[in-house]
Peer 1: 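I am attaching a structure below and will ask some questions about it afterwards.
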Amino acid sequence: MNPRDTDLEWLASNFPELAYAPADQRICGELRFCAAFDRSTGQLKLGDTGEHREIGTFLCDRFKVRIDLGRLGNNGWPTVFEVGGRRFDIAEESQCAMVDLHFFEDGACCLSLKYAREKDLTLQRFILELVIPFFYRLAYTDRYGLSAAKDDLWGEYPHGVAGEIEYQDEILQLVGNKPGRNRPCPCGSGLKYKRCHLAEVEAVKRRRLR
């Protein structure tokens with residue numbers, strides 16, 4: 001992922017504790033956020049507002065992170081690490097394995113099983129739609145426990161290979177008989193198939209052939 005100037009301006013304005021090192025294609029520093037999960041809509045609402053504070057899942061937290069923009073995982077996302085050591089404290093307090101907190105063996109965060117659909121995904125969307133939700137869930141686990149996070153927040157796939165297979169099956173079942181590239185995507189987004197799930201479906205098929 002190559003961040004645009006507008007992305008970096010947005011990052012400096014909204015997350016001043018995060019610094020971008022262009023030589024390393026890496027973002028390092030402290031990720032600070034406030035958010036609340038709205039169960040009625042299934043959406044994570046970001047920001048410290050009075051409306052959000054009234055939601056029972058509202059919390060603010062901070063994590064030291066490293067985002068390697070030049071190192072993409074198998075599903076096409078940049079690799080993200082929690083580097084402050086809190087994941088170990090949370091795992092110990094919750095009496096769970098690191099995989100239950102969605103960390104890989106190398107310490108990278110398992111942000112999502114989904115494959116990147118857009119080659120030009122912006123840094124802003126990546127942080128807001130994948131990075132912050134991951135750390136929000138981790139913060140929720142820290143405060144209320146792993147069982148509460150599973151009960152109160154959005155669902156999750158099983159760990160490891162089982163989860164990947166379940167996700168892949170869902171994607172392939174979604175499209176059924178392959179729709180035309182210019183037909184509406186079966187997911188109901190209103191976008192053409194080629195601009196919505198096509199790239200993700202093709203990525204799933206390539207993985208199945210390995």
Side-chain angles (χ1 to χ4, degrees), residues 1-38 41-55 57-84 86-87 101-104 107-143 153-154 185 187 189-192 194-200 203:
M1 176 186 290
N2 294 315
R4 305 163 182 169
D5 290 342
T6 53
D7 278 330
L8 297 178
E9 291 171 1
W10 171 84
L11 185 71
S13 176
N14 292 275
F15 299 95
E17 295 82 12
L18 293 176
Y20 174 60
D24 300 324
Q25 286 190 286
R26 179 176 291 175
I27 294 172
C28 296
E30 191 171 69
L31 176 71
R32 299 184 181 186
F33 60 86
C34 293
F37 180 64
D38 187 342
T41 63
Q43 299 295 317
L44 185 64
K45 298 182 178 295
L46 304 179
D48 186 359
T49 69
E51 178 185 356
H52 295 172
R53 283 181 171 273
E54 293 178 358
I55 302 175
T57 57
F58 176 82
L59 55 80
C60 295
D61 212 323
R62 61 185 68 181
F63 289 87
K64 291 182 179 179
V65 302
R66 187 182 85 234
I67 303 175
D68 291 342
L69 300 177
R71 177 183 170 188
L72 303 182
N74 289 334
N75 55 4
W77 307 118
T79 309
V80 179
F81 296 86
E82 189 278 319
V83 296
R86 273 190 65 191
R87 66 189 188 280
L101 299 179
H102 300 282
F103 285 92
F104 293 113
C109 306
C110 180
L111 301 179
S112 175
L113 286 175
K114 298 180 179 180
Y115 298 100
R117 298 184 202 165
E118 306 167 45
K119 294 181 180 179
D120 60 345
L121 177 71
T122 65
L123 176 64
Q124 180 175 344
R125 285 189 56 199
F126 177 67
I127 290 178
L128 295 181
E129 297 179 15
L130 286 171
V131 178
I132 290 180
F134 177 91
F135 284 102
Y136 171 84
R137 190 180 190 105
L138 189 61
Y140 200 90
T141 300
D142 189 25
R143 180 170 298 187
L153 305 183
W154 53 90
C185 186
C187 73
S189 67
L191 298 173
K192 292 182 179 180
K194 67 182 180 182
R195 300 194 180 280
C196 193
H197 270 87
L198 174 59
E200 193 171 357

Peer 1: Ignoring hydrogens and angles, tell me if any N or O in the side chain of E9 forms a donor-acceptor pair with the backbone of S13 under 3.5 Å.
Peer 2: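 No, E9 side chain to S13 backbone: no donor-acceptor pair under 3.5 Å.
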
Peer 1: Could you pull out the closest heavy-atom pair between P133 and L128, with the gap in Å?
Peer 2: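 Residues P133 and L128, closest heavy atoms: CD-O, 3.3 Å.
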
Peer 1: If only atom types and distance count, is the side chain of Y136 paired as donor or acceptor with the main-chain N or O of F37 below 3.5 Å?
Peer 2: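 Side chain of Y136 to backbone of F37, a donor-acceptor pair under 3.5 Å: yes, one is there.
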
Peer 1: Only one of I132, L153, L101 clears side chain to side chain contact (heavy atoms under 4.5 Å, CB included) with R137; which?
Peer 2: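 The option that passes is L153.
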
Peer 1: Is a side-chain donor or acceptor of H102 paired with a backbone partner of C110 at a separation under 3.5 angstrom?
Peer 2: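 Flag not set: sc H102 to bb C110 has no pair under 3.5 Å.
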
Peer 1: Can you see which heavy atom on A35 is nearest to which on L44, and at what distance?
Peer 2: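 It is CB-CD1, 3.9 Å.
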
Peer 1: Looking at L18 and G29, what are the two nearest heavy atoms and their distance?
Peer 2: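 Taking L18 first and G29 second, the nearest heavy atoms are CD2-C, 3.5 Å.
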
Peer 1: Should V65 and V83 count as side-chain neighbours, where that means a heavy-atom distance under 4.5 Å?
Peer 2: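 No. Closest side-chain heavy atoms not under 4.5 Å.
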
Peer 1: Using a 4.5 Å cut-off on heavy atoms from C-beta on, say whether the side chain of L11 contacts that of I127.
Peer 2: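 Yes, at least one pair of side-chain atoms sits under 4.5 Å.
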
Peer 1: Please report the shortest heavy-atom distance between K45 and I55, naming the atom on each side.
Peer 2: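 Of all heavy-atom pairs spanning K45 and I55, the closest is CD-CD1, 4.1 Å.
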
Peer 1: Does the side chain of L72 reach to within under 4.5 Å of the side chain of W77, using non-hydrogen atoms?
Peer 2: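 A side-chain contact under 4.5 Å is absent here.
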
Peer 1: Are any of the side-chain heavy atoms of L111 and V80 separated by less than 4.5 Å?
Peer 2: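 A side-chain contact exists here, since the closest heavy-atom pair is under 4.5 Å.
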
Peer 1: Could you state the interatomic distance from NE2 (H52) to SG (C34), rounded to the nearest 0.5 Å?
Peer 2: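 So the gap between those two atoms works out to 10.5 Å.
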
Peer 1: Look up atom CD in E17 and atom NZ in K64, then write down how far apart they are to the nearest 0.5 Å.
Peer 2: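 Rounded to the nearest 0.5 Å, the CD-NZ separation comes to 12.0 Å.
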
Peer 1: Does NZ or CZ of R26 lie under 6.0 Å from the centre of the six-membered ring of Y20, at an angle within 45° of the ring axis?
Peer 2: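 Pair R26/Y20 does not count as cation-pi.
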
Peer 1: Within 45 degrees of the ring normal and closer than 6.0 Å to the centroid, is that where the cationic atom of R53 sits relative to F58?
Peer 2: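 Not satisfied by the 6.0 Å and 45° rule.
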
Peer 1: Please check if the side chain of E82 supplies one atom and the backbone of R87 the other of a donor-acceptor pair under 3.5 Å.
Peer 2: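 Such a contact is found between E82 side chain and R87 backbone.
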
Peer 1: Nearest 0.5 angstrom please: D61 CG to R32 CZ, how far?
Peer 2: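 Reported to 0.5 Å precision, the distance equals 11.0 Å.
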
Peer 1: Working to the nearest 0.5 angstrom, can you tell me the gap between D24 CG and D68 CG?
Peer 2: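 Result: 8.5 Å between the selected atoms.
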
Peer 1: Using side-chain heavy atoms (C-beta onward) and a distance below 4.5 Å, is F63 in contact with F134?
Peer 2: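 Side chain of F63 against side chain of F134, heavy atoms only: no contact under 4.5 Å found.
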
Peer 1: As an exercise, state the distance from CZ of F33 to CZ of F135, rounded to the nearest 0.5 Å.
Peer 2: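 Spacing of CZ (F33) from CZ (F135) equals 8.0 Å.
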
Peer 1: Main chain of W10, side chain of N14: is a donor-acceptor contact present, judged purely on distance under 3.5 Å?
Peer 2: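 Confirmed, N14 side chain pairs with W10 backbone.
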
Peer 1: For the atom pair CZ (R71) and OG1 (T79), what is the distance rounded to the nearest 0.5 Å?
Peer 2: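 Here the interatomic distance stands at 4.5 Å.
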
